[in-house]
Structures are given as structure tokens and as C-alpha cells.
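One structure is given below, encoded as C-alpha cells.
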Amino acid sequence: MTKIRSSALEASALPSPDEESPATSERAMRRRPSHYLDALNSEQREAVETLDGPLLVLAGAGTGKTRVLTTRIGHILSLGRAWPSQILAVTFTNKAAREMKARIGDLIGGVVEGMPWLGTFHAIGVKILRRHAELVDLKPSFTVLDTDDQIRLLKQLLEAENIDEKRWPARALAAMIDGWKNRGLVPKRVPEGESFAFANGKARDLYALYQRRLKELNAADFGDLLLENLRLFQEHQDVLEKYQQRFLFTLVDEYQDSNVAQYLWLRLLAQGNGNICCVGDDDQSIYGWRGAEVDNILRFETDFPGAKIIRLERNYRSTGHILGAASGLIAHNKGRLGKTLRTDAGLGDKVAVEGCWDDEEEARIMGEDIEQLQRQGHSLSEIAILVRASFQMRAFEDRFITLGLPYRVVGGPRFYERQEIRDATAYFEVTLNPANDLKFERIANTPRRGLGESTLKSLHQLARAQSVPLFQAARLIVETEELKPKPRKALLDLISAFDRWRSLIDTMRHTELAELILDESGYTGMWQAERSPQAQSKLENLKELIRFMEEFDTLAGFLEHVSLVMDAQTEEGADRVNLMTLHSAKGLEFDTVFLPGWDEGLLPHQRSLDEAGRSGLEEERRLAHVGLTRARKHAKITFAQNRRNHGTWQTALPSRFIDELPVDHIAVAEDKGLRGYGPSRFDSAETLFASGFYETPGWRRAQRNRPPGSGASAKPGQITIDGTLVASSTAEGAGLAIGMRVFHQKFGYGRVVQIDGNKLTVDFEKAGQKKVVDSFVERA
DNA sequence: AACTAATACTTTTTT
DNA sequence: AGTATTAGTT
């Protein structure tokens, strides 16, 4: 247990919430240790002071959820009810964990070294698992697999089982296994029936096989971090009791995002003393597709008998109209506990609603709006554009680039998920732990060193026959004549390189060693040789990685954290418009929020509707609600009538969520007209919308009944022939001849240099000389 | 083994 | 339409 001297506790009696006047001195705080409670409203205060027994804090958007959590921890500490090391506080993201640490630090003054059990479910899971690894058939040094490794492993399994990977993709199996793990199901507990969804009922066996392989590799995937913990607690009562006794208080953030496994885990731990406090908002549950169970929060009272529920309904973020619009919208959901958000701020601006012709116009309008805001002195970083799906971002990026408007894409591929980062860490991992087959395989032929499929295959064969790791098999095989001289030499070089790097671990600084490895392996060289702009940024990222390593003392320490704790470094500071998905916007707030793409089929996403029916619709509605409640002062919703889906133009109707917004809180933009696009090609959404008819049931019916092809289905001035462009040809048949000018979809215009049957050599004006198939070019 | 052409896929994504 | 993976070819 971490030692915290009483001085630390004294210090903890001095919480200083941000609003507190600087005049409040440390000494004053000591005299009146409950002063920090004064900064809370009555519900918040109750949530902080109700320490014993199960407590659910239903915290609507912007009601001070994090403040309650951190103050509660501060309160526990200042009352001396527990040492920092006796408090378990779990979050879902590293970001949330970091923020909580920082805020508790502010509260009790200084860095919170003494909160070893504040972290994500997974981080805490790993920590516990390492201590008791042997009890779940792992060694304490087990590695955590990322998604790539997981898929690769499953692919191998499928191959070994002779299952057609075309028909039964490894990804699908991975999704199923993850699903089971999220529900806390070990292979033998998987219901028979569910097995049939994959490879004619082999799914469960494959899952069992996969788990066995993981143990052999001394590895755990993300799901295991919880599932194995669960198993540990269930099978070893003594271990469970130890933790039950240790954790005097348990706090959970974003409880609505928890899955069954997490719920079971929490319940086991909370059975000790029952002091569990979950904070969440059922109206912000948007991760159902990833296994989150809204039911966990809806059922809290039943799951934890005697639970107290406190609602935080006073919103400190948004103005009245925005809150009114959001509340009116979410009120359409049936499965919710129900909260009524209110604010003391004025009504503010109504939520603007505007229709557009297509996504380009949508982007253009927002670009104009943002430029205007900018002229008024609005900070760009206080503006966010929240989209449902990432493909929507493109239109905005295009527009912003032409406008020269600085923007930043938030979310996207995480730092650690980038190819070059994974490759690099794979090198470090193998250096440290040569038995890590998956990582070894990942980089064996990256950069290309002539160790192709066939070599890897013989390695696998040998490894399996001798039941040794691939690296060991490599050692053996280079002693034989098994391989041809070239790959044999390459393999030998690789092995000795790794051996040498390994010998340097103890003597060399870990960051230097890392650079050495990347250098000598030819990995950096590989990217340097590729003179593409991406290669440049990849090299930058590798530098960033080394910089990040500085924060750790050893290579091992770094690797322990890298897969769990590393995320994109969002360069703060620069004044840029934020562009992100609704999902990644949860927990953030901005003065002005733009919500494009409220189209039927996109915001209630069609797929969500198809796959999950009403509950899917409700989740989509929560997503819309999350979007609206991100805004402090201004919100604008737009929808487009035409959206390019996968290549083809499709007409779209305004989202049903627009109909559901209370009329009083929204302002429908005046018809800006279709600006010269043909005369009344579609007398529907926009025109009627703007003339005030949009709220009538008749209008809605008209919208729904409108045949999908009516109105314009293509961009004016653009001739689209739906379906096929039939002209097929052989080179001769199409009348192609040497010297003829042709057009190719990808390469543009060029001149035919040579004809070889149906293959052409064309000298393209932009792309240079290429060999193409005749059917891909047309006469220009 | 490495390139090119054909094909398949396309919601959201903490760890 | 565009990209990412796979299959086929050299």
C-alpha cells in the first residue's frame, strides 16, 4: 500500500475549486475544512457528502459531474475516511483519468501520487492482473495485444482450422469474441445458439482455441483485461476479499458506458462495503454498439439494493434555448430515467436550423458563418463541427482549405494506432521479449529484407513442430540448409541484430537504444527513402514517440504503458476550428457548435435503425442530444437534400429529429433560395421548410411519401446515367490506335504508345507512362 | 518477392 | 468515389 503521511492528508483538507477567491488561504481552509463544499449547489453537495452505501448520481450534460467526482474524493480524504490508496476510481478514457488526477491535484494541492487506483478500467485491470497472473495462467510479464495482433492471431487460427477466410472473416470472429468478453462470457459459458453465427457453429470452439493460444503466447487482449480479472475474482475468493477490504470507496465515471463485464467486476468489488458511487447520464449513452449496456444504469437500484439516486439537473453550460431544444428532443426517448435540465443563464439564441442543397453547400454556409464569427472576434477553438460519420468531414476540410481557415481534426486514428508507431513498438517489444511471436511477425519483413511468405511459413512450421517461439525457430533454422542462402542470411542478420540490441538494454539509455534500433533495422531508412508527404509525417511521429519515451525510465516501463495509455497529443493552443464526430465530442463543450447532416438515414443512421430498431433509434437520438448539449451559446443544425453516398447522389429528407425539436426553441433560416438552380425542380423540403409549413403533419407525410427518385437526383448541370456506362471494348473494337489521345479515370489524359492485345501502354500527361487495360480508357 | 490489377468494403471506436 | 485489401502476374 502506498504510504501517505498525515501531512498529505492535511494538505488534502485544502481543496480549492476554481471559482474560489484567491484570498482563501491554505490556513483558512484548514480551519474550515468543509469550505470547498460551499462552491457546490445543494444536489452536488449531497452527492459529495453521501459517502455510505450505493449512490447513483444522474448527472445531465453540463451539470458538474466531474466536479462532483473530484470533490467527493477530496471530501473522503479530508475527512480521513480513507487513504488515497484505498479509493478505487475508474474512468473509461485515459483523458478522463488524467483530468481527474489533475483536478484532484488542484483540490488537495500537489500531484496525486497517492491515488494508485485511479485509472481506466483496463489500466486497473492490468495492474491487478499482473499481480496475480499465475492464477489465470499467465506470467506477470504478459503482453497486451492490440487489435491488429488480435486479428492476425485469429487469421492464423482460421487458416489452421481450414476455414474459408473469405466467407468467415477474422474481423467478424473478433467482433463476436469481443462481444462475449464484454458480456463476461468465457468460452464454455457462451450459449450454444450464438455459436452458429460463424462458420457453422465453430465460433465457440474457435473462441476457446483463441484463448488457449493467448495463454501460450503469454498475452491478453483488451477484453481479457476485464474478463480475466473477473475470472480471478470469481475463482479466488481470497484475492477478491483482499481487494474488497482495500477499496473503502469506489467511484465510477460515465457509468452509462459500462458493459456487463465491467458491471460484474464492480459489483464483486462493491460487495465488500457497498460504498460505490456511480456517476453517469443515461441520456448520453452512445456506445451501445460496443457493448455498453444502458440497462446497467437503468437497473442500478435493483442491482445495488438500498441505492440512493441523486439527480443533477442544474446545467451550467448552455443557454435556455439550446437546453430547451435538447431536452425536447431527448424527451422522445422512452427508455430513460428522466431528468429535466434547467439553467439560470438567459434564453440566449435559438437553435438555428437550415436546409442546404448538398454537402458542399452545407460546408460553404458553415464556412461563411465561421468567417463571420471570426470577424466578430469569436475564437476558432471555441467552435466545433460535430458530424455523425467521418466521411462527412471531407467536405468541410476541402472548404476550409480553400478558405484558408485553420482547423483541427479531433479523434481519428490514435497516435498509438498508427502504423509506424506500432511497427516501432513491435521492434522494441521483440528486443525485450523475443518470444512475442505476433510482434516478431509484424516486423520480420518490415522493411523488406527478403523474408517473405514462404520463409515465414517454414518458420511457423518449425516453431509448431518444436513448440518454441518463432524467434527460437529462426535460430534453429539458420543452422540448417532448410532455407535458400538469401533468406537464410537475412534471417541470421535479423537475429543477431536483435541479440545485439538486447545486450545493450542494461547499458544504454533506453531512448538512445530505441533510436539505434529504428536506425539499424533500416526502419527509419525505409521511410526516408519514400519521399511522400506521409512518410515525412511518419518520421515526425517516430521522433514524437522517442520524445514520449523520455517520460519513462526504461524500455519495459514504456512498453507497459504504450498500448494502454498513449493517445494523440492534441496540440493545444493554436486557434483552430474543431472538427470531430459526435462520439468523440462527448465530454467537451464549445461556445458555438455546428451540427451538419441531420438527414434521415445519416443522423438516425440507417444502419443503426436496421440493426437495432427502436433502441438503435433511441441511441441515435441520444447522439443528437449529446451534440446539442455541447454548445454553450450558439448551435446550428443543417441538413442537406442531396448527399453523395457511395458515389451516387441520393436525395435525403430532413432528420426526424428536426421535427422533434420544440418549435419555440428553434429558428428556421429564411430561404436563401436555391440560387439559380433550375426552377422548382423539387418543391419540397427547403421551400416548404422555409415557408413555415414544415411543422405540419401533412408536410411530414408528404416528405415520407415522396418517391425516392423525385426531385433532382443529380447535381444540376451534371449528367449522370444511373447504373451502367455500357461501352465495353477491346482495343481494336474501340478503335484505339497508337498515338490516340485517351482518358483514364485515375490517370487522366494521355496518348497511346503501344497496344498489346487488350493491354495498352499509355503516356499520361500527369501520371507518366502506365500499362492499363483497354476497358479502363476511353477516347478523348 | 514484389509489383499491379481487380475486388470488396464503406457508422460511431475509450482500451 | 475512394480506398484497402487480396489475387494474379512477372
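Letters go in sequence order (proteins before strands), and every chain restarts at 1.
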Reading DNA chain B from 5' onward, which residue's closest nucleotide shows up sooner: A:F121 or A:I286?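 Final value for this comparison: A:I286.
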Pick the P atom in C:dA4 and in B:dT11, then give their distance to the nearest Å.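 My reading of the P atoms in C:dA4 and B:dT11 gives 15 Å.
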Provide the distance between the two P atoms, one in B:dT12 and one in C:dT5, to the nearest whole Å.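 It comes out at 16 Å once rounded to the nearest Å.
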Is the distance from OP1 or OP2 of [N] to the nearest side-chain N or O of [X] less than 4.0 Å?
{"X": "A:R388", "N": "B:dT11", "result": "no"}
{"X": "A:T581", "N": "B:dT13", "result": "yes"}
{"X": "A:S390", "N": "B:dT12", "result": "yes"}

Apply salt bridge (Lys or Arg N to Asp or Glu O under 4.0 Å) to residues A:K586 and A:E254 and explain how you reach the verdict. CA-CA 10 Å; A:K586 198 176 75 165; A:E254 305 276 18; 3.6 Å; yes
Scan nucleotides 1-3 of chain B against the protein and return all N/O pairs shorter than 3.5 Å with their distances rounded to 0.1 Å.
{"unit_1": "B:dA1", "atom_1": "OP1", "unit_2": "A:G450", "atom_2": "O", "d": "3.1"}
{"unit_1": "B:dA1", "atom_1": "OP1", "unit_2": "A:G452", "atom_2": "N", "d": "2.6"}
{"unit_1": "B:dA1", "atom_1": "OP2", "unit_2": "A:E453", "atom_2": "N", "d": "2.9"}
{"unit_1": "B:dA2", "atom_1": "OP2", "unit_2": "A:R448", "atom_2": "NE", "d": "3.4"}

Can you tell me how far [atom2] of [N] sits from [atom1] of [X], to the nearest Å?
{"X": "A:R418", "N": "B:dT13", "atom1": "CZ", "atom2": "P", "value": "14 Å"}
{"X": "A:L595", "N": "B:dT12", "atom1": "CG", "atom2": "P", "value": "17 Å"}
{"X": "A:H583", "N": "B:dT11", "atom1": "NE2", "atom2": "C1'", "value": "8 Å"}
{"X": "A:K181", "N": "B:dT13", "atom1": "NZ", "atom2": "P", "value": "23 Å"}
{"X": "A:R152", "N": "C:dT5", "atom1": "CZ", "atom2": "C1'", "value": "14 Å"}
{"X": "A:R171", "N": "B:dT13", "atom1": "CZ", "atom2": "C1'", "value": "12 Å"}
{"X": "A:Q419", "N": "C:dA4", "atom1": "CD", "atom2": "C1'", "value": "12 Å"}
{"X": "A:N94", "N": "B:dT13", "atom1": "CG", "atom2": "C1'", "value": "14 Å"}

Hey, is A:H605 stacking on B:dT11? Ring centres under 5.5 Å, planes under 30°.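 Yes, aromatic ring over the base.
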Could you say whether the aromatic ring of A:Y287 and the base of B:dT13 stack, counting only centre distances under 5.5 Å and plane angles under 30°?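 Ring-base stacking flag not set for A:Y287 and B:dT13.
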Closest nucleotide among C:dT6, C:dG2, B:dT15 to the A:R394 side chain: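 Looking only at heavy atoms from C-beta outward on A:R394, the closest nucleotide is C:dG2.
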If you only use heavy atoms from C-beta on, which nucleotide in B:dT11, C:dT6, C:dG2 is closest to the side chain of A:R607?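 Per side-chain heavy atoms of A:R607, the pick is B:dT11.
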Answer yes when A:D282 and A:R622 have at least one side-chain N-carboxylate O distance shorter than 4.0 Å, and no when they do not.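 Looking at A:R622 together with A:D282, the answer is no, because their closest N to O distance does not fall below 4.0 Å.
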Any salt bridge between A:R643 and A:E362, counting N to O under 4.0 Å?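 Yes, charged N to carboxylate O under 4.0 Å.
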For the CD atom on A:Q606, are there more than 12 heavy atoms of other groups (residues, nucleotides or ligands in this structure) within a distance under 6.0 Å?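 Atom CD in A:Q606 is packed in, count exceeds 12.
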Can you establish whether the number of heavy atoms outside A:E589 located under 6.0 Å from its atom CD is more than 12?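 Yes, CD of A:E589 has more than 12 neighbouring heavy atoms, counting only those of other groups under 6.0 Å.
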Base, sugar-phosphate alone, or nothing: which one does A:K127 contact when heavy atoms must sit under 4.0 Å apart?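 The answer is nothing, as A:K127 stays clear of every strand by at least 4.0 Å.
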Would you classify A:E619 as touching base, sugar-phosphate or nothing, given that sugar-phosphate means primed atoms plus P, OP1 and OP2, and contacts are heavy atoms under 4.0 Å?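 Result for A:E619 = nothing.
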Salt bridge (Lys or Arg N to Asp or Glu O under 4.0 Å) with A:R442: which residues, sequence neighbours excluded?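 So A:R442 forms a salt bridge (Lys or Arg N to Asp or Glu O under 4.0 Å) with A:D148, A:D423.
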So A:R399 and A:E360, do their side chains get closer than 4.5 Å, heavy atoms only?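 A:E360 does not reach A:R399 side chain to side chain.
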Rounded to the nearest 0.5 Å, how far apart are OG of A:S258 and CG of A:L226?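 It comes to 10.5 Å.
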